[in-house]
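All remarks here apply to the structure that follows.
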Amino acid sequence: MAVCCAAVALACLLLCAPAHSARSLEAEYIAATEAAGRGDLARAEEGFKLIVQQAPQVVEGFTNLAVVYEIGHRWADAMRVYRRALSEHPSSVAVPTNMCVTLLRLIQEGNTGAVQTEAANVREICRRAKELNPENPSAHSTLGDMHTLLVEWDDAVAAYKEAIRLYRKAESTGKLASMSWSKTFQLSRTYSNLANSYSRAGHVPDAVEAATTALALHPRDAHSMALLGTIRTTGRKFDFQTRVIKHRAAILQARGVTVKDASCPKGGPWRVAFTWPEAASDAIHVEVINDATRNTLYGLNRSYVPDNARLRWTTPEGLTPYPTIYRERTLYFINATAVHIGGASGVIHRNCTLYAGSHGEDARLHEAGTFGTPVDRVQHIKGAVVSLLSQNLKNYYHFMCECVPRLLLTLQFMESRADVAAALRKALWLVPDLPYVRDILEILDLSIKTHTYSGLPRIKADRLYMVDWHADELDAALREAGVPPGGTADPDDDALWQYESLPDYAALPAIDDQRTLAHDPWSQFYPPRAGLVLMREKVRAAIGADARPASDWLVVVLSRSDAMSGSFGIRVLPNEAVLIAALERMVGPDRVYQFRGKDLPMRKQLEYFARAVVVVAPHGAGLANTVACKRNTTLIMYPMRPHVDNTFGHMAAALGLEMWIAPDITSYYYGSYTLLTPASANNVLRAVATSLEEKGLPIVEQVVLDDAPFNTWLRKHKNDALVKAAEVNNKKGKAKAEQGKPKNAKKKKSKATRTTDEL
C-alpha cells in the first residue's frame, strides 16, 4: 500500500479549506507525500497530521497518515486513524478497503497482537468495503481473501466468482472494452485464488479448471503455472503431466528472479539447474558418493525384495495401485566456492544459476528473489558452511526426514574421507532457530559448529559443503517426454509455455512394473534409504531404545485432533476415541498411547515410537517419528482419497516396516477422515490383533464393535463443527476428487498405467 497524492485531495484542499491556508495545506500535502516516497516517515507523519487537523474533510489525509504508520509497523496507531476516518467519512470506500487489506495481512502473518479489536471485527470491516462499492470486482476479491484466511472456503468461492463476474461484465459492457494488462492480471489472480479455494474445499475438477483459466490469461506466469501443478498434486495420482507443468513453472520462476548477487553482474537472466551434474563447473565440484548402492531396489514386496517387510490391506479390496518397489537415490557430495544461500529453504545460487537440488521442480526458487537485499547487506561468512537445504524446515516431516538424514550422511562421508574431514570439522552448519532443531542436535550429541539463523537469511559463503540426492529415473522419464532441462529451455519460445502444448497424457512414459515413481509429483520429498536407516540407527542408540526389555511395548495411536484450521480438520479422524477405547480393551489401557506431538519434547516423541510394536495413524507429518521404530514394526495407515502422496509407504519400505492400509477410512488431502463405522473400526482391530499374534504378543480380549459406542459418541458430538466438516468434505471429495481427467486418457493409456486413477 502506497501513499496517495490524488488530484481530488488537492482540489478539496483548495476548495474546502479557508482561503488563507489552502495554498499552505496544498504545499504541505505534496511535501508529506514526497517525504513518504523517500522514506522520511517522521516528516510524512508531521505533514499528514497537519492535514487531518486542519482539513478533516480530506479523507486522503487520514488514509495516508495510516499508511505511514503501517510502513513503520505502528499498527495500533494506524488502526486508531482508520477508526476516526470511519467515523468522519462513513461513505468513503478507501477507508474500510485499506483497513481490510491491512488486517488481512496482519492475520496472515499472525501479527494481530496490537490490533485484536479490529481483527475480531475483520468480517464487518471487509463487508463494509464491499457494500460501499458493490460493482467493484476488487472489493469482492478482497472479501474472498478474507474468507480464505478465515478458512471459509465456500464463502471464498462465492466472493471470487462474483469478482470474476464483475470483471467480465465490465469487459462485455464496454467499460473495459479491451482489458488493460493490469486488469487482466488481476482477473488471472482472482481465478488463481478461486482455484485455491476450490482445491481446499475438495472441488478438484473445478480447481483445475479455474487454475487453467488463470494460466490461459497469462500463459507465462510462473505463479499460475505452479499453482496449477500444485492443485493437480492433491487430486491426481501418478500424474506425470503435473511434473511437466511444475518443471516448466520452475524454469519461468528462475527467469523472473532478480537477486543482487555479485557473481551475476547484470542481475540475470537467471536459469535453473535441476540436477547437480548439470550444475557442475570449475566452481562447483560434484561427486557421486554411493556408486555401489545407487538405483538398487528396496520395497514392501517380500516376493521381490525378500529382506524387507510387506504390504497388506485391512479390506479385501485393497488400494490399487500402491507402489511397493523403490530405487535408491544417487547421493552427491557438493563442494562449491563463493555461493549465495537464501531463504528458509536454502536456495543456492551462483553465476546467474539457481540450484534446485533434491527438490527439483518443487524447489522454492522464488525465495531467492524475494529479498532484493543489497549486496552490502548480505551476511558474508568467511570460511566454509554446510547447508541442510530443505523445502520447508518448519514442517516436521521435511526437517526430520530430509534435514537430519542429510546432516548424518554428511558426517558419515566426513568420517570416511580424510581429504575433507578437517575442512568439514571447521565448517559452520547452517541451522534454523527452531525448538525441534535444538532438540535433535542435543539428542544426537553432535560435535558440530552451528550458525543459527531466523526468518529468511541471505548468506554468502566462501565455500559450501553439502550432501544432496536425486532420482535418476525421473531424468529418463523427462527426456522420453521431450521436456527440456532447465538450462536449455528457450524462454522466448511462447509455444513452450502454452498449457495446450503439454505432452499428450496417453503418450507419456509408462510407470514401470517396479513402481519407481518417476511419475509421482511427490517423490522428490522421499529421502534416500541410506539416510533414513542411518538416522534410525543413531536415534535409537541416542535414546537407548534397544536396551529396553522386549516386554516394554506399546500400541501407539497417532491423533491429529489438533490439526485444525478454523472448523476444518486437516485429516482428522473425528470419532477416533471409540477405536482407542476398543484397543485399550484388547491389550490393556497401559499398552495404548494416544500420541499428540504438539508440545511433547522430541525425546519423548521418539521414545514412544521406539517402544511401538504397532502404530495406527492417519497420513500426516507425525509419522516422521517412525524413524525411531525398529524393523518389522507394524504401521496401519488411513490413506487419502485419492492417495496422492506415498511418503510414508516409502518410509515403511526404507525402514523395513510392515505396512497395512485401511482403504475404508479415507480423507481428501485437505479434508477430514470419514467417521469410523463398526465395519471399518473392526477391520483395524483385526489388523492389530493379527500383527500382535504374529509377533507372539498377548491379547487381553478379542474385541468386535457393534453400533452402540458409535451411536453414543455421535449423540454427544453430532453438532460439533468437526463432525459436520468431515461429513461435508468427504461427500464433496468422494464425488469429485477423481474427476477431471483428460478425455482421451482412458482410450490411450498403456496397460502399465491403466489403474493409476483408482483409489
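Atoms considered below: every heavy atom in the structure, side chains included; atoms not considered: hydrogens, waters and symmetry mates. For clarity, every value in this text was computed on a predicted model and none was experimentally measured.
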Roughly how far apart are [X] [atom1] and [Y] [atom2], rounded to 0.5 Å?
X: Ile245; Y: Leu228; atom1: CD1; atom2: CG; value: 4.0 Å
X: His451; Y: Ile381; atom1: NE2; atom2: CD1; value: 4.0 Å
X: Arg123; Y: Asp155; atom1: CZ; atom2: CG; value: 8.5 Å
X: Glu124; Y: Cys100; atom1: CD; atom2: SG; value: 12.0 Å
X: Leu217; Y: Arg189; atom1: CG; atom2: CZ; value: 11.0 Å
X: Arg406; Y: Asp468; atom1: CZ; atom2: CG; value: 4.5 Å

- Message: Please confirm whether the ring centroid of His140 lies under 6.0 Å from the ring centroid of Tyr160.
- Response: no
- Item | Distance flag, aromatic centroids of Trp153 and His203, threshold under 6.0 Å | no
- Message: Test of understanding: with side-chain contact (heavy atoms from CB on, under 4.5 Å), list the residues that count as partners of Glu34, not counting sequence neighbours.
- Response: Ile30, Arg38
Side-chain touch [X]/[Y], heavy atoms, less than 4.5 angstrom:
X: Val67; Y: Ile71; result: yes
X: Asn136; Y: Leu166; result: no
X: Ile107; Y: Val122; result: yes

Going by atom types only, do [X] and [Y] share a side-chain donor-acceptor pair under 3.5 Å?
X: Thr452; Y: Asp433; result: no
X: His359; Y: Glu402; result: yes
X: His147; Y: Asp154; result: no
X: Tyr191; Y: Glu209; result: no
X: Asn64; Y: Tyr29; result: yes

Heavy-atom donor-acceptor pair, [X] side chain to [Y] backbone, under 3.5 Å:
X: Asp40; Y: Ala35; answer: no
X: Arg43; Y: Ala36; answer: no
X: Arg350; Y: Thr337; answer: yes
X: Ser188; Y: Ala214; answer: yes
X: Tyr397; Y: Phe525; answer: yes
X: Ser141; Y: Ser138; answer: no
X: Asn351; Y: Thr353; answer: no

Of all the heavy-atom pairs spanning [X] and [Y], show the shortest one and how long it is.
X: Ala254; Y: Trp270; answer: O-CB, 3.1 Å
X: Gly47; Y: Glu28; answer: CA-OE2, 3.2 Å
X: Asp362; Y: Pro521; answer: OD2-O, 3.9 Å
X: Met225; Y: Ala249; answer: SD-N, 3.5 Å
X: Thr212; Y: Val208; answer: OG1-O, 2.6 Å
X: Pro96; Y: Ile125; answer: O-CG2, 3.6 Å

- Task: Quick one: list whatever passes ring-ring contact (aromatic ring centres under 6.0 Å, His included) with His89, sequence neighbours left out.
- Result: Phe62
With the threshold set at 4.0 Å, does a side-chain nitrogen-carboxylate oxygen contact exist between [X] and [Y]?
X: Asp145; Y: Arg105; result: no
X: Lys49; Y: Glu45; result: yes
X: Glu162; Y: Lys130; result: no

- Message: Here's one to test your reading of the geometry: is the NZ or CZ of Arg74 within 45 degrees of the ring axis of Tyr69 and under 6.0 Å from its centre?
- Response: no
- Query: Does the pair His349 and Tyr355 meet the rule for a ring pair (Phe, Tyr, Trp, His ring centres under 6.0 Å), with working shown?
  - Reply: CA-CA 6 Å; His349 55 96; Tyr355 303 103; 8.7 Å; no
- Task: Start with the C-alpha gap between Glu361 and Arg248, add the side-chain angles, then the distance that decides, and say whether salt bridge (charged side-chain N to carboxylate O under 4.0 Å, His left out) holds.
- Result: CA-CA 8 Å; Glu361 64 267 11; Arg248 292 178 173 183; over 6 Å; no
